[in-house]
There are 2 protein chains.
Amino acid sequence: MKTSLVALAALSLAAPFSASPALAQEAPDRLSAVADEALASDTAAWDFVEGITTEVGPRQAGTEAEQRGRDWAVTWLRANGFRNVADEPYQMQTWVPGSNATARVTAPYAQDLMIVPLGNSASTGEAGIEAEVVYFPSYADLAAAPEGSLTGKIAFISHDMRPTQDGSGYGFAGPVRWTGAGLAASKGAVATVIRSIGTETERTPHTGGTSFPDGVKPTPAGALSNPDADNLERMFARADGKPITMKLVLTPRVIGETTSGNVVGEIVGRDPSLPPVLLACHLDSWWNGTGAFDDGAGCGIVAAAALNVAKAGQPLRTIRVLFAGAEEVGLFGSTAYSEAHIDEPIAVGIESDFGADRIWRIDSNFTASNPDLYGKLARAVARFGVAPSREIATGGADINIVRDQGGALIDLQQDGSRYFDLHHTNNDTLDKIDPAQLRQNVAVYTQVAGILANTREPFKPAE
Amino acid sequence: MKTSLVALAALSLAAPFSASPALAQEAPDRLSAVADEALASDTAAWDFVEGITTEVGPRQAGTEAEQRGRDWAVTWLRANGFRNVADEPYQMQTWVPGSNATARVTAPYAQDLMIVPLGNSASTGEAGIEAEVVYFPSYADLAAAPEGSLTGKIAFISHDMRPTQDGSGYGFAGPVRWTGAGLAASKGAVATVIRSIGTETERTPHTGGTSFPDGVKPTPAGALSNPDADNLERMFARADGKPITMKLVLTPRVIGETTSGNVVGEIVGRDPSLPPVLLACHLDSWWNGTGAFDDGAGCGIVAAAALNVAKAGQPLRTIRVLFAGAEEVGLFGSTAYSEAHIDEPIAVGIESDFGADRIWRIDSNFTASNPDLYGKLARAVARFGVAPSREIATGGADINIVRDQGGALIDLQQDGSRYFDLHHTNNDTLDKIDPAQLRQNVAVYTQVAGILANTREPFKPAE
């Protein structure tokens, strides 16, 4: 930790920043004043996330609830003065979680454990399945299990995830969820239960998508809450080799092709011939929470920022907000948006999809190639506690279009220390949002989007 | 807060303590050494609560799960050297929660809210009931509603509970749960949903018993989690007078008379003719948690303390542990124990049933009448951070027998600051127990029970 801080401190004194005008030499401007106002008193982001979580709630991709979310968002954008508001539909194969999810240890220590199905899980049928559980302390232990060794068994994969500010713990523990069930199925498992990919000790299992490799038939797959995974591990310690059996009931199903959509709206710029600034988020959520932290907050932040930029005067470039659909279940909205608009250049893409805690770092993919612009942005947000970096931005999940176009990307990194306490759980509710930190996000987005929308030159020189 | 601390500090310098020998004059003894060892390294309490939550889990009163809990406890007590271990049966009318509990707002803002049934709730039937919701911000608002004004409606009672160290917030907010549904039913409500009697913002509704007055037919009654109650309140704010309707499915039922029981065990004293020291807890739990904080920890604490006293040499008096049954649903075990043993005098009763956080105060009901003994106890536990007080102990729920006999009572007050974060929720799991604070409880109980069990004189002089 200390090492990183020292490295960042050194970085902030080095190129590309030292080549640019010093902070004190830049006079206050209308945009900065608006961003400062946002920090103190923005209400638009809160109004959005409070409204959609209250009036719509969960917005599972491809369902009527997601449709109600889009309708609500369209109404909100129009009411708040956005132009060219549209719900751009696409078709998708839709998975729904079903209404029952139970996991009961049947022997030797009968008790219920709390579980949720993972996205793309198959169904056990209402009657459920009962089988012996095989315990793998980690993904590597499962990987080392011989082919066929899980035939007829339920695999239980645990892991050791810890909170990280930058979210890197997800990369470490995530494979257990992303591919663990498929790997277990390939070795014969009839079902898989994992320890939640989550960093808290609440009785709130974390869902999320899993996938099965080609040629491997999907099996039922669910996540136990961390306290339940602890309990199951203790059962293995106490059973001393006696078999542990579990009855699992998970009833997800694929309901076939349904309509989803991307909602867009614009603050139209003075020169609409210039490629727009794209601010993205996603509107869908898993069914179990209310989609507050993930990602109602993100939509509220980017929409509020666009409105704030307009308060400082009509920007040169158009600012477009993209509230993508069906992100959680496989980026269907992001893919559809890129396919539909690939020939319409985007100037720069930024996405907010990591909760509502404060932004602490600004990354771009033009830091080296356009140091003046990066330095200007970094200096402008320093007063909000946002540090510069040399990390190369890769962009959020919903801005495939910008990656597909090879365009400019910025990542405004949020503090993820508690993100995986809430991620994909029923605990993703409005009360988890700190209004002061939400406003800091709005202020930073306002500042960054405002500078970009008022810059005529291309952001990312050809390489 | 400051006022209270000052008052306590003044108290600690005043009578009855100043009349007793000063702390420094009391030489270390074997009992104190054993208590100190318990603080550093007791494992028995953890072994008990870890074991029963892992191998049995939830222990709903009157069910086969509670029976498994008794069997497990009997085995544990015998294995750990207790004598006269017994499971003393009694019959009770048994309520069970049923398997489905859902609350869905159907209009104008359709979404599911998380709910659990309250103990003694009636069933809606599997088909559920749908009705308009009437919002009462507090119990007083419900009390002010005219007779008959809730006919055909679902009452929603909220409140404003905050954490308190001494648990007094339960007395403030508790009536909403204890009698709110009965009061609403008496005014015509077809069902009641309350904001959970809990102090956290997790998506974990708090169950607990409710009761209906004579002549009022029980209705379905459930508790929403705090975030869901927040959401429902926001819906009322946004609906601006439009009716809010809810579909409620709660399927508890009374399964008739079943057998429950009290488990007892003894460390037999040198003079079994002297009335014993009774250390109590309860073995049952609500179905949704695992009965760790409430009250597996309490049973582990008192059992470990009894074992520790024996390590310091056979005590003069017998120490009896009472693991009461069916406390949560109406003190059936406490009542049965008193009825069965009312003619067998108890020297003193102490119960642990407020989680596993540190003990911070010692109260008795003989502080004024037997200041020497109270002062000796208070001085002996001061090194564990336990303060004296002038509060009059009333004893835990499971020691009715001592109250019925007019006997001596001690309350070793635990820090309840986070108790109502977990109380009666599915989050009542082993991981919530801090092993260091658990050991502090064992140390204090060891010290107090050891002094009492080695004192020949009666504790509470006739008044």
Side-chain angles (χ1 to χ4, degrees), chain A residues 47 50-60 64-65 68-69 72 99-100 102 104-105 107-114 200-205 225-239 249 285 287-292 421-422 425-433, chain B residues 47 50-60 64-65 68-69 72 99-100 102 104-105 108-114 200-205 225-239 244 249 285 287-292 421-422 425-433:
Chain A
D47 180 68
E50 193 265 334
I52 198 165
T53 56
T54 303
E55 297 196 0
V56 182
R59 306 173 295 280
Q60 180 70 30
E64 63 80 32
R68 282 190 283 121
W72 190 95
S99 56
N100 287 316
T102 62
R104 182 171 178 81
V105 173
Y109 308 128
Q111 68 172 288
D112 293 325
L113 306 180
M114 293 191 66
E200 92 303 353
T201 55
E202 303 298 332
R203 205 87 182 276
T204 49
S225 82
N226 275 316
D228 288 287
D230 291 343
N231 203 347
L232 187 51
E233 288 188 356
R234 291 195 304 270
M235 289 182 191
F236 275 95
R238 284 186 168 258
V249 180
S285 78
W287 78 95
N288 52 343
T290 65
D421 292 355
L422 304 169
T425 72
N426 58 25
N427 243 336
D428 181 0
T429 49
L430 183 69
D431 54 288
K432 308 309 183 303
I433 296 177
Chain B
D47 180 68
E50 192 265 333
I52 199 164
T53 55
T54 304
E55 297 195 1
V56 181
R59 305 174 295 282
Q60 180 70 30
E64 62 80 32
R68 283 189 285 122
W72 190 95
S99 56
N100 288 316
T102 62
R104 182 171 180 80
V105 173
Y109 308 129
Q111 68 173 288
D112 293 325
L113 307 181
M114 293 191 66
E200 92 303 352
T201 54
E202 304 298 331
R203 206 87 182 276
T204 49
S225 82
N226 276 316
D228 288 289
D230 292 342
N231 203 347
L232 187 52
E233 288 189 356
R234 290 195 306 269
M235 289 182 191
F236 276 94
R238 283 186 169 259
I244 292 180
V249 181
S285 77
W287 78 95
N288 52 344
T290 65
D421 291 355
L422 304 168
T425 73
N426 59 24
N427 242 338
D428 181 0
T429 48
L430 183 69
D431 53 287
K432 308 310 181 303
I433 296 177

**Student:** Can you tell me how far CD of B/Q111 sits from CZ of A/R59, rounded to the nearest 0.5 angstrom?
**Tutor:** 9.5 Å

**Student:** With a 4.5 angstrom heavy-atom cut-off, which part of A/N100 approaches chain B: side chain, backbone, both or neither?
**Tutor:**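 It is the side chain, since no backbone atom gets that close.
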
**Student:** Heavy-atom cut-off 4.5 Å, strictly under: side chain, backbone, both or neither for A/D431 against chain B?
**Tutor:**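 Side chain of A/D431 only, per the 4.5 Å heavy-atom cut-off to chain B.
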
**Student:** Heavy atoms, side chains only, cut-off 4.5 Å: are B/R203 and A/T429 in contact?
**Tutor:** yes

**Student:** Supply the atom-to-atom distance B/T290 OG1 to A/D228 CG, rounded to the nearest 0.5 angstrom.
**Tutor:** 8.5 Å

**Student:** Chain A heavy atoms under 4.5 Å from B/N231: which part of the residue, side chain, backbone, both or neither?
**Tutor:** both

**Student:** Under 3.5 Å, side chain of B/K432 to main-chain N/O of A/T201, donor-acceptor pair present?
**Tutor:**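 Yes; judged by distance alone, with no hydrogens or angles, the pair exists.
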
**Student:** What part of B/D230 lies closer than 4.5 angstrom to a heavy atom of chain A: side chain, backbone, both or neither?
**Tutor:** side chain

**Student:** A side-chain contact here means heavy atoms from C-beta on lying under 4.5 Å apart; do A/E55 and B/P108 qualify?
**Tutor:** no

**Student:** For B/N226, which atoms come within 4.5 Å of any heavy atom of chain A: side chain, backbone, both, or neither?
**Tutor:** neither

**Student:** Is B/N426 close to A/M114 at the side-chain level, that is, under 4.5 Å between some pair of heavy atoms?
**Tutor:** yes

**Student:** Walk me through it: do A/D47 and B/R238 pass the test salt bridge (Lys or Arg N to Asp or Glu O under 4.0 Å)?
**Tutor:** CA-CA 11 Å; A/D47 180 68; B/R238 283 186 169 259; 3.6 Å; yes

**Student:** Measure B/T54 against the heavy atoms of chain A and call it side chain, backbone, both or neither at under 4.5 Å.
**Tutor:** both

**Student:** Given a strict heavy-atom distance threshold of 4.5 Å, which part of A/D421 is in contact with chain B: side chain, backbone, both, or neither?
**Tutor:** neither

**Student:** Given a strict heavy-atom distance threshold of 4.5 Å, which part of A/T53 is in contact with chain B: side chain, backbone, both, or neither?
**Tutor:** both

